[in-house]
Visitor: 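A single structure is presented below for examination.
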2 protein chains.
Amino acid sequence: MQQSIQLSVDAVVFGYEAGNISILLIKRKYEPFKGKWAIPGGFVLDDESLEEAVERELKEETGIKINYLEQLYTFGKPNRDPRGRVVSIAYFGLIRPNAFKIYASTDAAQVQWFHIDELPELSFDHKEILDAAIKRLKAKITYEPLGFELLDNKFPFSDLEKLYSTLLGREVDRRNFRKKIIGLNVLDELDEKVSKGSGRPANLFQFNKKRYFHLKKEGIIFEI
Amino acid sequence: MQQSIQLSVDAVVFGYEAGNISILLIKRKYEPFKGKWAIPGGFVLDDESLEEAVERELKEETGIKINYLEQLYTFGKPNRDPRGRVVSIAYFGLIRPNAFKIYASTDAAQVQWFHIDELPELSFDHKEILDAAIKRLKAKITYEPLGFELLDNKFPFSDLEKLYSTLLGREVDRRNFRKKIIGLNVLDELDEKVSKGSGRPANLFQFNKKRYFHLKKEGIIFEI
DNA sequence: CCAAAAGTGTTTCGATTACACCCATGC
DNA sequence: GCATGGGTGTAATCGAAACACTTTTGG
């Protein structure tokens, strides 16, 4: 049994900021698809775990270190890579774009956030991977609390609300949403206010980590 | 970039019959773990897709051809296989145990259905894979219609009900369950009855394939 | 006629939805 | 004082849950 299959990992990284969902892409420095945009990723080394591989590649290619990464799906069609048989394990991650400075390095000629509705043409079968990731992300918010990974440590309630309405692609009722979230008991209200220039200043909240991760594990069903 | 990682696929196959959930295991013919039980699976060939690989291995090792297979998760810890670095893509499948005759062949010394509560010790990290599969199966029935793959073509309503109560591990209200399922419009009622020896004979139903797969794709939320 | 499983409706309860006005601040 | 975003409660509606008796057959 001698195989010549190579193994890679790829990461779809979602960022959220001020009502915009974006995705982190790199411009490829080498063939194949030189000069084209792609999801960050690369080959797995013999002695590292898959998670270590994604984290390393992300760091190398884009400069970010991500806190939330989840395995998405494994793509393995025989001809998905022109270099030969490459099977790729795709991950998806969430991050606050402003939490890290992105910079191109090995393998990447350039790194850039793209708005989810303005994506360039992608290399390999990365469009397919990305579509799967978007689908998963949208499904996730209906059965898990989400936000900790995407919002600042302290945030006004309206940020969370806008995050959800953006991800859901529709308006949410402000009062009902607040009731629901407060009822989940994942937020701690702080004795701090913030003003956005005009209007009444908002109370700041932060996620109660313990309760948050507990709920994630339980897989709370949670309709907005 | 020269890797020496090998790629395999494994399949957790669930069977259901008369109120019992069982899992298909093989007894390994060769080292490592010779003589121990394991999930069927094996190495991916260079020119076949991952799905083709699982189907082939299942056929070779157990004799079954499965209609419903879904990718579960990819396991890739560096030391999960004593032979070296092997990354395995796990699938899970559903089947009616009586639909196929199982028989051992290549790589397998024996093939057997095990009741889900009476599993033997397993090789490699297969216990972990199995646990993930069980978790997924139990989650699935709450957001997808399920049953087509596990029940006979024609079945009395009580079979579906028993399937659900078994998978959920609790009683379901007969009237409410029936209302719910009928409301989904996935069943066609036949003009045929079947008697189970005693009691009133039951009407037979069958799944309306078109509607069933439509609902699956939509990902209906469906609380029992 | 008795045992055994199938079939069937209504009421109760809780959760989701819809909806509008006052509050605190900056300019 | 006015423009801007923040904060709050109640009534109506819908879906889920609870619940028990009648029907059909075999023995």
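Order of the sequence lines sets the chain letters (A, B, ...), proteins ahead of strands, with each chain counted from 1. Owing to the predicted nature of the structure, the values given are computational and were not obtained by experimental measurement.
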Visitor: Distance check needed: C:dT12 C1' versus B:Asp173 CG, whole Å only.
Guide: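 About 14 Å, once rounded to whole Å.
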Visitor: B:Ser195 side chain N/O closer than 4.0 Å to the phosphate oxygens (OP1, OP2) of D:dT25?
Guide: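 No, because none of the side-chain N or O atoms of B:Ser195 sits under 4.0 Å from OP1 or OP2 of D:dT25.
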Visitor: Rounded to the nearest 0.5 Å, how far does CG of A:Leu122 lie from CD1 of A:Ile129?
Guide: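 Here the interatomic distance stands at 9.5 Å.
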Visitor: Are side-chain heavy atoms of A:Pro156 and A:Leu204 found at a separation under 4.5 Å?
Guide: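 Heavy-atom side-chain distance check passes, below 4.5 Å.
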Visitor: Of all the choices, D:dT8, D:dC19, D:dT4, which nucleotide is nearest to the side chain of B:Asn176 once you look at every atom?
Guide: D:dC19
Visitor: Between D:dA18 atom C1' and B:Glu171 atom CD, what is the distance in whole Å?
Guide: 14 Å
Visitor: From the list D:dA18, C:dT16, C:dT8, which nucleotide is the closest neighbour of the side chain of B:Arg178?
Guide: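 Of D:dA18, C:dT16, C:dT8, C:dT8 is nearest to the side chain of B:Arg178.
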Visitor: Whole angstroms only, please: what is the CZ-C1' distance between B:Phe177 and C:dG9?
Guide: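 So the CZ-C1' distance, B:Phe177 to C:dG9, works out to 19 Å.
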Visitor: Can you tell me which nucleotide in D:dC19, C:dA18, D:dG7 comes closest to the side chain of A:Phe157?
Guide: D:dG7
Visitor: Please give, in whole Å, the distance from D:dG7 C1' to A:Glu189 CD?
Guide: 10 Å
Visitor: Classify the side chain of B:Lys196 and the base of D:dT24 as holding, or not holding, a donor-acceptor pair under 3.5 Å.
Guide: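 Result: no qualifying N/O pair found.
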Visitor: Record whether the side chain of B:Arg174 comes under 3.5 Å of the base of C:dA5 through a donor-acceptor pair of N or O atoms.
Guide: no
Visitor: Is any side-chain N of the basic residue among A:Arg56 and A:Glu52 closer than 4.0 Å to the acidic one's carboxylate O?
Guide: no
Visitor: Can you tell me the distance, in whole Å, between the CZ atom of A:Arg200 and the C1' atom of D:dG6?
Guide: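 Roughly 5 Å, once rounded to whole Å.
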Visitor: Starting at atom NZ of A:Lys162, determine the distance to atom C1' of D:dG6, rounded to an integer number of angstrom.
Guide: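 The distance from NZ of A:Lys162 to C1' of D:dG6 comes to 13 Å, rounded to the nearest Å.
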Visitor: Whole angstroms only, please: what is the CZ-P distance between A:Phe155 and D:dG5?
Guide: 20 Å
Visitor: Is there, by distance only and without an angle test, a donor paired with an acceptor across the side chain of A:Arg175 and the base of C:dA20 below 3.5 Å?
Guide: yes
Visitor: Provide, to the nearest angstrom, the distance between the NZ atom belonging to B:Lys180 and the P atom belonging to C:dT8.
Guide: 19 Å
Visitor: Would you say the base of D:dT23 and the side-chain of B:Lys193 have a donor-acceptor pair closer than 3.5 Å?
Guide: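 Answer is no: no donor-acceptor pair is held.
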Visitor: Would you mind classifying the nucleic acid contact of B:Asn203 as base, sugar-phosphate or nothing, using non-hydrogen atoms under 4.0 angstrom?
Guide: sugar-phosphate
Visitor: Less than 4.0 Å between a side-chain N and a carboxylate O, is that true for A:Asp131 and A:Lys127?
Guide: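 Yes.
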Visitor: OP1 or OP2 of C:dT25 versus the side-chain N and O atoms of A:Ser198: is any pair under 4.0 Å?
Guide: no
Visitor: What nucleotide, of D:dC19, C:dC19, C:dT17, holds the atom closest to the side chain of A:Lys179?
Guide: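 Shortest atom-to-atom distance from the side chain points to C:dT17.
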Visitor: Tell me, do A:Ile21 and A:Phe14 make a side-chain contact under 4.5 Å, heavy atoms counted?
Guide: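 Yes. Closest side-chain heavy atoms under 4.5 Å.
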